Amino acid sequence: MRRLAAVVALAALAVVPASARAAHDQESTLQDDALLVYGTPAEQSNALDIMKALGVDRVRVTVYWRLVAPDPDSTTKPKFEAADPDAYPGSNWDRYDTLVRLAALKGIELNFNVSAPAPAWATSNAARADVADVANPDPGEFGKFVQAVGARYTGAFEAATGPLPRVNYWSIWNEPNQGGWLNPQWQSGQPYSPRLYRSLVDSAWSALGATGHQSDVVLVGETAPKGSNAKTATSGMKPLVFLRALYCVDQSLHPLQGSAADAAGCPAQNNASDFVAAHPGLFAMTGLAHHPYNFPLPPNLKSRDPDFVALADTPRLVKFINRVLSSYGQARRGGLPIFFTEYGYQTKPPDPLGISWARQASYLNETEYMEWNFPAVKSSSQFLLVDDKPNSNFPPGSIKYWGTFQTGLLMLDGTKKTAYFGYQAPIWLPHTKVKPRRRFTVWAMRRAGTRFVVWAMRRDTTNGDPQTGTVQYAGLHGRRYKNLKTVTTTDPRGYLETKVAVRRSGTVRMAWHNAGGGLTYSRPVKVTVR
């Protein structure tokens, strides 16, 4: 499992101003289980302090079933009441108890993603040993585990160490369309993981309801953006293929009937109202969670495969899920919210196949601008805070050695990447008539003095406080910036759009005015005037 390499370096960075949030009604979320699940209490606290300083609103945390369950390696279930949190070894909850207390103390919200890997006694019939802990998980046992988690974090539970804060935001499983998280994906040429996941959602939904979390945020999906044409037990399934089978609809998004339904594990006579009643979590959920990765490609590039959903394909996902809900008479006024809960870009260094630090920062800023312009999107996500360790089971420098995630804002030794500062104060200059490959650095304007849009955000300040910033410009060969325009945003999440004009090519940046004096600068962005 991933662990922090330089706690001292992180602790030195943990200076905590107040937090701001993202655009409109869009939250800023961040995930780093190496620090927050597998870290010591000190590492958890330091990581939360850094996240708070960056302006993170919510942290996504995986509640690993196998970590909490008793005798996870046994193929025979131990005798205990799995729905009762007191029936689990007390120490197995410690990491999560500490985390919820620290998060409450520091004013950071949590998203508990309850997920695999599962204990051996709750799985069966693994196609391969490396997927045994995600193979055919028992939905009933999963429901009992979710009930135990839900009961422990109601806000009224008394642990041995005292009362625990409430968790009111949940997501069910992680990337169920990937063979490494749910197995088998396919069976006898038919989608199989969707029927497994449907049952897992059913059980989890009932469990959360039984423990007083009916009104909480509950997300379904957590899908990966791409998949394979292969139809094996372990090959990843394309997200829209997975979601069609999950909701038992055909290519036209009408409910499956007859033999086609039977082959997909759906009711042969799919009466819409009966299907909705049988699977309430699929329709009453707060929103659909998705991971719109596109690395190493720019975020503005659409997928060629119609069943992929990278970031630029968001309108495809929005249209898809709302048509599905309409097919069952469950259309939402304003549409179903979409939550992006995992996203990032690999960097070089340290990964030889990653992109540069400058390009990572630029891509992440463009990503946030795009999300800000998608009305359905309610959360943006950064994965990770700190780079993963390389996989020491493989030769240094090999592809598999760097097969872990180097998507952090910080290196393992605590060095801040360009994206660290880009995350604090994003900036983007949108322009539609630019080739995608160059879009991350250069914007072309038709004539000198043409007005253009500057989009920016101040994340690392108090949510709801007005923020003042000055757009600054420097020529290509000049080092001194001059002020172009000072603006104040009252946007509760700290975003603004404004127009300025320059006469010659150069660089533009935002200089945000700090409450106590001084300025916080965005990264500089090159502008080409033609």
Side-chain angles (χ1 to χ4, degrees), residues 20-31 54-60 109 111 113 169-172 174-175 177 217-226 239-240 243 285-295 297-303 308-326 331-345 362-383 407 419 422-423 426-428 430 432 453 455-459 463 489 491-497:
R21 297 186 183 178
H24 302 305
D25 55 353
Q26 177 178 297
E27 284 189 325
S28 297
T29 68
L30 200 150
Q31 179 176 0
L54 285 168
V56 172
D57 297 308
R58 187 176 303 277
V59 175
R60 180 174 182 254
E109 301 292 336
N111 168 7
N113 173 229
Y169 196 117
W170 309 84
S171 57
I172 302 171
N174 183 65
E175 297 192 346
N177 62 321
V217 171
V218 180
L219 307 181
V220 170
E222 296 288 3
T223 40
K226 301 179 181 181
L240 294 191
L243 289 171
M285 62 177 174
T286 307
L288 188 69
H290 183 64
H291 307 166
Y293 288 108
N294 204 32
F295 58 69
L297 302 174
N300 56 42
L301 291 185
K302 295 182 179 180
S303 304
F308 286 3
V309 184
L311 182 73
D313 306 313
T314 298
R316 175 187 299 168
L317 180 62
V318 171
K319 182 179 179 180
F320 171 90
I321 191 60
N322 286 305
R323 284 187 59 196
V324 168
L325 295 182
S326 293
R332 300 273 186 98
R333 185 174 182 177
L336 185 75
I338 304 296
F339 294 77
F340 292 150
T341 54
E342 193 175 312
Y343 189 83
Y345 278 96
S362 181
Y363 280 0
L364 290 177
N365 284 181
E366 182 179 12
T367 292
E368 188 154 7
Y369 171 75
M370 292 172 66
E371 292 168 340
W372 183 77
N373 275 289
F374 293 136
V377 175
K378 304 306 177 187
S379 69
S380 62
S381 180
Q382 166 59 30
F383 183 90
T407 54
Y423 189 81
I427 184 171
W428 185 250
T432 58
V453 172
W455 172 91
M457 178 200 185
R458 181 73 190 270
R459 197 192 311 270
N463 179 54
T489 176
D491 183 283
R493 309 278 183 156
Y495 285 87
L496 66 80
E497 277 187 308

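Model, not experiment: these values are computed from the prediction.
The backbone N or O of P426 lies less than 3.5 Å from no partner atom in the side chain of N365, so there is not a single donor-acceptor pair. In this structure, H290 contributes its side chain and F339 its backbone to no donor-acceptor pair below 3.5 Å. Proximity of a side-chain donor or acceptor of T286 to a complementary backbone N or O of V218 within less than 3.5 Å is detected. Counting only distance, with no hydrogens or angles, the side chain of S379 and the backbone of F340 share a donor-acceptor pair below 3.5 Å. Judged by distance alone, with hydrogens and angles left aside, the side-chain atoms of D313 form a donor-acceptor pair with the main-chain N or O of A310 at under 3.5 Å.
No side-chain donor from either of Y343 and S380 sits under 3.5 Å from a side-chain acceptor of the other. With hydrogens and angles left out, the side-chain atoms of N177 and T223 include no donor and acceptor closer than 3.5 Å.
Between S28 and G55, the shortest heavy-atom distance links the atoms CB-O, 4.1 Å. A pairwise comparison of heavy atoms in F308 and K226 identifies CD2-CG, 3.7 Å as the closest pair. Annotation for D491 and T489: closest pair N-OG1, 3.0 Å, computed over non-hydrogen atoms. Across all their heavy atoms, L240 and L317 have their closest contact at CD2-CD1, 4.2 Å. Here the closest heavy-atom approach between residue P299 and residue A312 is recorded as O-CB, 3.4 Å.
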Carefully, step by step, assess L301 and N294 under the rule side chain to side chain contact (heavy atoms under 4.5 Å, CB included).
CA-CA 8 Å; L301 291 185; N294 204 32; 4.2 Å; yes
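One finds the CG atom of L30 at 7.5 Å from the CG atom of L54 (value rounded to the nearest 0.5 Å). Note that the CG atom of L288 and the CD1 atom of I338 stand 4.5 Å from one another [nearest 0.5 Å]. Taking CE of M457 as the reference point, atom CD of E497 lies at 13.5 Å (rounded to 0.5 Å). The distance from atom OH of Y345 to atom OG1 of T407, rounded to the nearest 0.5 Å, is 11.5 Å. Remark: Y293 OH to T367 OG1 distance equals 11.5 Å, nearest 0.5 Å. Put simply, CD on E175 and CG on N113 are 9.5 Å apart, with the number rounded to the nearest 0.5 Å.
Proximity of L219 to W170: side-chain heavy atoms (C-beta onward) are nowhere separated by under 4.5 Å. With a 4.5 Å cut-off on side-chain heavy atoms, L336 and L325 count as touching. No side-chain heavy atom of Y363 sits under 4.5 Å from any side-chain heavy atom of F295. Side chains of E109 and D57 form no contact here, defined as non-hydrogen atoms less than 4.5 Å apart. Residues Y495 and Q26 form a side-chain contact, since some pair of their non-hydrogen atoms from C-beta on lies under 4.5 Å apart.
With respect to the salt-bridge test (charged N to carboxylate O, under 4.0 angstrom), the residues E371 and K378 do not qualify. The pair E342-R60 meets the salt-bridge criterion, with a side-chain N (NZ, NE, NH1 or NH2) lying under 4.0 Å from an Asp/Glu carboxylate O.
Under the side chain to side chain donor-acceptor pair (under 3.5 Å) rule, T341 has a single partner from R58, Q31, E222, which is E222.
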